[in-house]
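The chains referred to below are lettered A, B, ... by the order of the sequence lines, with proteins before strands, and numbering in each begins at 1.
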2 protein chains.
Amino acid sequence: MTDQTPPVTGAKPLRADARRNRARLLEVAEEVFTERGTGASTEEIARHANVGIATVFRHFPTKEALLEAVLVRRLERLAEEGLRLAAEIGPTGALFAFFDLVVDQSPVKNAFAAALAGAGVDVRAATSEAGRAMGEVLTELLDGAQRAGVVRRDLEVPELTAILVGTCRMMEHLDGHPEAAKRARAVVRDGLKACP
Amino acid sequence: MTDQTPPVTGAKPLRADARRNRARLLEVAEEVFTERGTGASTEEIARHANVGIATVFRHFPTKEALLEAVLVRRLERLAEEGLRLAAEIGPTGALFAFFDLVVDQSPVKNAFAAALAGAGVDVRAATSEAGRAMGEVLTELLDGAQRAGVVRRDLEVPELTAILVGTCRMMEHLDGHPEAAKRARAVVRDGLKACP
DNA sequence: TCGGAAACGGAGTCGCCTATCCGATTATAG
DNA sequence: CTATAATCGGATAGGCGACTCCGTTTCCGA
């Protein structure tokens with residue numbers, strides 16, 4: 001009766017330390033993968049998290065699974081941010097605000113690009129849930145902006161995603177040149193606008 | 001007296017078969033790296049070229065050296081194409097023609113992106129010569145287009161390079177969607193134009 | 001044609017990285 | 001506080017990929 005394990009999720013409640021370690025692992029893995037690339041070794045991540053290698057593989061049966069978990073977390077947070085922007089700013093500016101948010105992330109942490117392009121096609125199947133949420137948010141932002149007349153009408157979600165990722169990639173190549181980065185961003189931004 | 005070894009290049013003339021193998025290796029390596037990514041194994045390249053592994057390492061002391069040689073070749077050919085376009089088309093359309101040339105390369109062979117982004121920062125020092133040639137061509141194309149008034153005046157070579165690479169990356173994410181790819185390309189293309 | 005140097009091929013070495021095993025440690029229920 | 005089961009951590013197995021060694025083959029000048 002007092003048993004309130006949600007039957008929907010087959011997950012059992014983790015012990016306190018296990019939950020802590022899992023969270024720290026996700027945190028650290030995100031940092032390390034972002035800075036050192038997806039080729040970073042599992043041991044390095046374990047060291048940075050003050051954890052044995054076995055602990056990593058206990059929580060994530062495979063390195064790819066860890067990569068996927070990190071990616072999903074990123075997508076979820078971005079989707080959340082997108083919804084928040086849509087609610088606070090309104091359709092006229094929300095899409096561009098989201099664009100800036102994604103693109104201007106601190107130069108080193110080009111997460112969206114690293115995640116999507118690094119893990120890339122491999123985990124596309126498993127990220128379908130988070131990816132779908134992201135897709136819905138983008139749909140909403142894009143639709144609102146188009147209704148408001150601030151974004152060209154011939155534009156759909158798939159290319160919008162690609163444009164976000166590609167623009168992040170651009171920024172990687174302009175790390176030490178803030179002026180050039182600003183101009184590159186402006187080029188894409190203006191290209192998104194309605195301007196026949 | 002009859003000795004006409006060019007003192008500028010310390011290279012000795014290779015034997016015929018060696019020259020043939022070297023050429024085939026570069027050809028095959030370009031294909032394999034482009035299709036399988038820069039993580040492709042040296043042995044795979046050797047197999048595809050009908051050559052022993054040792055032969056690869058005899059011609060290129062390191063895998064990175066091979067990668068670099070492939071990249072330099074690509075840059076040289078692109079620079080050549082750029083010059084040809086500038087001469088044939090004239091300043092009004094040459095930059096956009098070059099843009100299309102780079103971006104629309106057969107969907108699988110996203111070479112410019114694979115090369116620059118894959119090898120990326122690592123070999124930047126060694127590719128300085130080919131990179132400089134490329135930079136000069138881009139300068140010429142950009143300058144001509146700006147003088148003709150078809151490209152926004154606040155745009156310099158560094159961000160133009162990044163935009164080219166980033167746009168190629170976009171295309172990778174839109175492989176199976178030619179319509180979306182076309183629209184994404186149009187966004188960036190329009191962003192480059194002068195349109196205040 | 002023939003001799004020697006240049007180039008070749010592939011088996012073998014070495015190091016790194018993913019993933020597992022098992023004895024030690026720690027959280028939690030009663 | 002104690003029992004016990006979940007969790008931990010480091011040593012280790014197993015595999016893969018870059019690079020080397022050396023006997024064999026191929027080119028090329030005389």
Side-chain angles (χ1 to χ4, degrees), chain A residues 1-5 9-29 32-33 35-71 118-119 122-123 126, chain B residues 1-5 9-29 32-33 35-71 118-119 122-123 126:
Chain A
M1 309 304 182
T2 54
D3 181 343
Q4 38 179 334
T5 50
T9 74
K12 320 108 193 182
L14 285 170
R15 232 169 64 175
D17 54 345
R19 202 162 40 242
R20 226 177 326 157
N21 280 338
R22 191 177 199 282
R24 182 161 29 188
L25 270 175
L26 279 173
E27 204 76 38
V28 167
V32 174
F33 281 143
E35 288 175 12
R36 297 276 210 272
T38 60
S41 77
T42 315
E43 193 191 345
E44 190 174 348
I45 292 172
R47 240 199 344 267
H48 275 75
N50 283 95
V51 153
I53 313 160
T55 299
V56 182
F57 285 98
R58 194 171 306 112
H59 286 289
F60 307 96
T62 258
K63 185 188 177 180
E64 195 183 347
L66 173 58
L67 216 47
E68 182 187 309
V70 170
L71 170 58
D122 307 323
V123 294
Chain B
M1 310 300 188
T2 55
D3 182 342
Q4 38 179 333
T5 49
T9 73
K12 321 110 194 180
L14 286 169
R15 231 168 67 176
D17 53 347
R19 203 163 38 243
R20 225 175 326 139
N21 280 338
R22 192 177 199 282
R24 182 161 28 186
L25 270 175
L26 278 173
E27 204 76 37
V28 167
V32 174
F33 280 143
E35 288 174 14
R36 296 276 210 271
T38 60
S41 76
T42 314
E43 194 191 344
E44 190 173 348
I45 291 173
R47 241 199 343 267
H48 275 73
N50 282 96
V51 152
I53 313 160
T55 298
V56 181
F57 285 98
R58 194 171 304 113
H59 285 289
F60 307 95
T62 259
K63 184 187 177 181
E64 196 183 345
L66 173 57
L67 216 46
E68 183 186 310
V70 170
L71 170 58
D122 307 322
V123 293

Just wondering, more than 12 heavy atoms not from [X] lying within 6.0 Å of its [atom1]?
{"X": "A:H48", "atom1": "NE2", "result": "no"}
{"X": "B:R36", "atom1": "CZ", "result": "no"}
{"X": "B:R24", "atom1": "CZ", "result": "yes"}
{"X": "B:E43", "atom1": "CD", "result": "no"}

Rounded distance (Å) that lies between atom [atom2] of [N] and atom [atom1] of [X]:
{"X": "A:L67", "N": "C:dC17", "atom1": "CG", "atom2": "P", "answer": "16 Å"}
{"X": "A:I45", "N": "C:dC16", "atom1": "CD1", "atom2": "P", "answer": "18 Å"}
{"X": "B:E64", "N": "D:dC19", "atom1": "CD", "atom2": "C1'", "answer": "14 Å"}

- [ ] Take nucleotides 2-12 of chain C nucleotide by nucleotide from the 5' end and write B, S or -, depending on whether a protein heavy atom sits under 4.0 Å from the base, only from the sugar-phosphate, or from neither.
- [x] ---BBSBBB--
TODO: Indicate the atoms forming the closest heavy-atom contact of B:V32 with B:A40, along with that distance.
DONE: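 In terms of heavy atoms, the two residues are closest at CG1-CB, 3.7 Å.
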To the closest 0.5 Å, what do you measure between [atom1] ([X]) and [atom2] ([Y])?
{"X": "B:N21", "Y": "B:R19", "atom1": "CG", "atom2": "CZ", "value": "11.5 Å"}
{"X": "B:R22", "Y": "B:T55", "atom1": "CZ", "atom2": "OG1", "value": "13.0 Å"}
{"X": "B:K63", "Y": "B:I45", "atom1": "NZ", "atom2": "CD1", "value": "7.0 Å"}

Show the distances under 3.5 angstrom between N or O atoms of the protein and N or O atoms of nucleotides 13-18 of chain D.
| unit_1 | atom_1 | unit_2 | atom_2 | d |
| --- | --- | --- | --- | --- |
| D:dA18 | OP1 | B:K63 | NZ | 2.9 |
| D:dA18 | OP2 | B:T42 | N | 2.9 |
| D:dA18 | OP2 | B:T42 | OG1 | 3.1 |

